[in-house]
2 protein chains.
Amino acid sequence: MGERAHRPTVKEVAQRAGVSPMTVSRTLSGGRNVKPEVQERVLAAVAELGYHRNENARSIRPGHSSGLIGVAITNIANPYYGTFALGVEEEAALAGRRILLGNTSEDASREAELVGDFLGRRVDGLVVVPAAASSAHLEHSQRQGVPVVLASRRIEGLEADSVVLADEDGAFRGTIALIDRGHTRIGYLGNALSIFTGARRHTGYLRALASRGLRADPRLVATAQQTVDQAREATRALLRAENPPTAIFCANNRNAIGALKEIGVQLATGLRTADAFPEIVSFDDFELAELSPVPLSVIDHDPRELGRTAARLLLDRLDGGGGEAAPREIELPVSLRLGVR
Amino acid sequence: MGERAHRPTVKEVAQRAGVSPMTVSRTLSGGRNVKPEVQERVLAAVAELGYHRNENARSIRPGHSSGLIGVAITNIANPYYGTFALGVEEEAALAGRRILLGNTSEDASREAELVGDFLGRRVDGLVVVPAAASSAHLEHSQRQGVPVVLASRRIEGLEADSVVLADEDGAFRGTIALIDRGHTRIGYLGNALSIFTGARRHTGYLRALASRGLRADPRLVATAQQTVDQAREATRALLRAENPPTAIFCANNRNAIGALKEIGVQLATGLRTADAFPEIVSFDDFELAELSPVPLSVIDHDPRELGRTAARLLLDRLDGGGGEAAPREIELPVSLRLGVR
DNA sequence: CTGTTAGCGCTTTCAG
DNA sequence: CTGAAAGCGCTAACAG
């Protein structure tokens, strides 16, 4: 397999083409001031040897950059973030850049480590879905001239470009939709309020209730679920309550999927019919939403576009010369799709 | 934001600590042969300046490697591959390595480009879900001493470590299960037969039919769907056929989800009841499978484990000294989960 | 225990 | 149009 474990260098290419390393370098950088026939010889040597410029060596020269973008997300396995990463990757690839991907598992110290590592690899910039509100490591990055773009979540007090969703607006409208359909006991399943989106969506939910003169019942609110299984468990608890909700607002797809799974399983026992179970609104669309056994509406948005936008914000700052411009804060709209099922 | 756009170097740290660059270097590499009190001074300077070793500069020194693993997958947006990437990332992180991620969109030339770029960045190795059977660029990588691990799909004639699923076995068992439930007209939805998994799963399906004396009806076989929407379309065509199938074998999650969506939508019209629709077997589990409106069985496996295994094969070759060992070909078992719904 | 020298692969001067 | 020299940030190897 790796018999001839050797990566050719400029020198070897030069030797083979009978020129100096500089001529090879020039040829590979566009060929300005190199006789066409010499270029041909160089290119031939490159092909024969299978030469690839060492980008790491290039990147240590002053002025040159690594062409790398560090991407730190909280959970690649969530298709939402996978799609987000795809958006970043696409846009980065268009600008000739590559992404370094790391998973933080929603862990702040892991994120700090990751950022440190990224800086060591001389990334040109960072796209981060922050795991927590701590920002020392991100400020550090900025101070070294490595811009940071926050995606999906902002951090209080950190001056950085950011792109987030209209969380509160979406949650508000979704909850209002439930109230309009006659519900007054509306449960809430979301992630921790300490998380940016968690807090904003919860606020939207509360504001909707208040705007219609409804009082929130804290016993119907669960905000600690990170996984589908935890969401199922929370749903089970909600359904077992004395006076269970007739509708549930799910603040993200993990929770909506957990709720629907639990409802599906309980339905399969045949003890109760579908209309005995709560109607659902989900922040985040997800696959097979249309198979929901209960009425379902979805607050829809495009994670890929979120990724693209984050990348574009970063690339603008890197290539667009706007290195010192004021932070841009973008809020992407969401759309309410009623009665997906 | 980037006011003091400056990344400190060893020299500056050395100066600040009143030592030579070598002492800084030694301290950062474990501190062998450096007086503890001097180490402290160095570490203090590092912290004050926010110094990070330039990994790119380190990696050009002989013997040192980049610590990067190039990962080329066909579609990050598919949660299956997202989870796969997570597995690779996890295992790489345990070995102190980072992943460079690229998306090929199932496009062979894009894959070749990506591999070239990865080589330029001096990755230690490659994990590839090959988009096509072409392997020149991968052999090239191996020749330069950069090992390649193939995941999910193998390439005929390429000597490389690989980890794939028991595609044929799974498809065989899934199809047999349908036959055992009395079905004789069994449709097939899969991706192109030119794709490794496509061919293997199709073979398993055919072999199952043949083993029970059933003849495959080519009009019930569709093998060109890459997306959920294409799968829906294909399902619609199948259901509209003169003598429609009473069961469908779906060779991947895109196709199963498309089929279930189409069935769900048709059911919602109320023209026919659920038992008028075909029973489904899906190769690949997926979220909300339990909400299927028709009986569903699943050929289950763990993409994260696939990713971990691929990474481990690569790391073994890199760190385990087994640089020249014969290629290892792993086939992960799959499990048939009958009656998920 | 610490510093000096040299050179990794590359490219920006500066001379031809 | 082409090459020689110098140095990017870092660390083996060799003094001391």
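Here is how names work: the chains are called A, B, and so on, in the same order as the sequence lines, proteins then strands, and each is numbered from 1.
- With salt bridges taken as basic N to acidic carboxylate O contacts below 4.0 Å, none links A:R153 and A:E111.
- Counted within 6.0 Å of CD on A:Q39, heavy atoms from surrounding residues, nucleotides or ligands total more than 12; the atom is thus considered enclosed.
- For the pair B:N56 CG and C:dC10 P, the interatomic distance rounds to 13 Å; values are reported in whole Å.
- Checking side-chain atoms of A:T83 against main-chain N and O of A:R304 turns up no donor-acceptor pair under 3.5 Å.
- Looking at B:R16, its side chain never comes within 3.5 Å of a backbone N or O of B:A44 through a donor-acceptor pair.
- Defining each end axis of the helix from C:dC1-D:dG16 to C:dG16-D:dC1 as the rotation carrying four pairs' C1' atoms onto the next four, with five pairs an end, the two axes are found to diverge by 40° to 10 degrees.
- Considering only heavy atoms from C-beta on, B:L100 comes within 4.5 Å of A:L68 through its side chain.
- B:R7 contributes no side-chain N or O that, together with a main-chain N or O of A:G145, makes up a donor-acceptor pair within less than 3.5 Å.
- Checking side-chain atoms of A:Q142 against main-chain N and O of A:E159 turns up a donor-acceptor pair under 3.5 Å.
- For the pair B:N33 CG and D:dA13 C1', the interatomic distance rounds to 14 Å; values are reported in whole Å.
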Subject >> Heavy-atom protein contacts under 4.0 Å, nucleotides 3-12 of chain D, coded B base, S sugar-phosphate only, - none >> reply: BB--BBBBBB
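- Checked by atom type and distance alone, the side chain of A:S66 never pairs as donor or acceptor with a backbone atom of A:S59 at under 3.5 Å.
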